[in-house]
Every structure is written in structure tokens, then in C-alpha cells.
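In what follows, a structure is listed as C-alpha cells, so that the remarks can point back to it.
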Amino acid sequence: MMGRRTVRPSAVISLNTGGGASAKALPYPARTPVLALDFGATSVLVTTSDSDQVSPADVEFARQLAREAASFARSVERRFHGLANGRGVA
């Protein structure tokens, strides 16, 4: 299992969701899959450490990414759920 960072990052990039933001898994028959995150004019591609094979660390990272994405979705849904104005909680 991958642990938390012990060193603060030297840079942080914030990509905000909104109209046009999307996420898509791209499975390829001749190489490892790619996760594409698009934020308007900015795209982030998440790939494995080697384009033609997968390591145990790649599998663990993919599982961690899935868990954290599911947690993010639940948190966003909780903030939005049941609000008549559809604007979420301030």
C-alpha cells in the first residue's frame, strides 16, 4: 500500500471541474491503458510506468486512484444531494 507523502510538494496544480471537464479510461490493445482527464484546454494523462507492461506498483496505484476517486465522488454527491436549488452546500 502506498503511504502518504512525508515531504511537502514544491508545486500544486489545481484543476477545477465545471462545464467541459471529463474523465475517460482508454484501453488500448497494444499498450497499457491511459486515464485521460480533460479540463477545457488542459489535459492530464495517467499511464503506467512502462507503456507495454504493468508492475505491481502500477496495479496498487490504479486501485488507490479508484478508491480515492470513489471517495471524491461520494463527498461531492453528499454536498449536492437533496438541495432544491441544485447549487450544493456553501
Side-chain angles (χ1 to χ4, degrees):
M1 183 169 178
M2 300 176 95
R4 293 189 144 250
R5 283 183 168 230
T6 57
V7 178
R8 291 180 53 91
S10 59
V12 174
I13 299 171
S14 178
L15 300 169
N16 298 314
T17 62
S22 67
K24 185 173 185 177
L26 305 168
Y28 291 102
R31 61 153 289 139
T32 59
V34 173
L35 176 63
L37 307 173
D38 291 311
F39 302 90
T42 302
S43 292
V44 176
L45 301 179
V46 180
T47 64
T48 59
S49 57
D50 187 338
S51 65
D52 59 354
Q53 64 183 7
V54 174
S55 72
D58 295 326
V59 173
E60 178 54 33
F61 177 76
R63 289 176 178 162
Q64 180 186 24
L65 181 62
R67 283 190 308 270
E68 295 303 318
S71 176
F72 175 75
R74 284 189 304 273
S75 294
V76 170
E77 289 166 349
R78 256 193 312 273
R79 299 279 294 181
F80 183 79
H81 182 69
L83 297 175
N85 66 8
R87 291 185 177 166
V89 177

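Both Val44 and Phe61 are part of a single hydrophobic cluster, where members link through side-chain heavy atoms under 4.5 Å apart.
Listed by chain and number, the hydrophobic cluster partners of Phe72 are Val76, where partners are ILVMFWY side chains within reach of under 4.5 Å, directly or through others.
Among all heavy-atom pairs drawn from Ala25 and Pro27, the shortest one is O-CD, 3.4 Å.
For Asp58, the side-chain contact (heavy atoms from CB on, under 4.5 Å) partners are Thr48, Ser49, Val54, Ser55, not counting sequence neighbours. Every side-chain contact (heavy atoms from CB on, under 4.5 Å) that Ser43 has, sequence neighbours left out, goes to Asp38. Listed by chain and residue number, Lys24, Tyr28, Val34, Ala36 satisfy the side-chain contact (heavy atoms from CB on, under 4.5 Å) test with Leu26 (two or more places apart in sequence, or in another chain). Residues passing the side-chain hydrogen bond (donor to acceptor under 3.5 Å, both in side chains) test with Ser75, sequence neighbours excluded: Arg78. For Ala21, the side-chain contact (heavy atoms from CB on, under 4.5 Å) criterion is met by Thr17, Phe39, not counting sequence neighbours.
Crowding of Leu45 atom CG: a count of heavy atoms from other residues, nucleotides or ligands under 6.0 Å exceeding 12. At most 12 heavy atoms of other shown residues, nucleotides or ligands fall within 6.0 angstrom of atom CZ in Arg63.
Counting heavy atoms from C-beta outward, Leu15 and Thr42 have side chains that approach closer than 4.5 Å.
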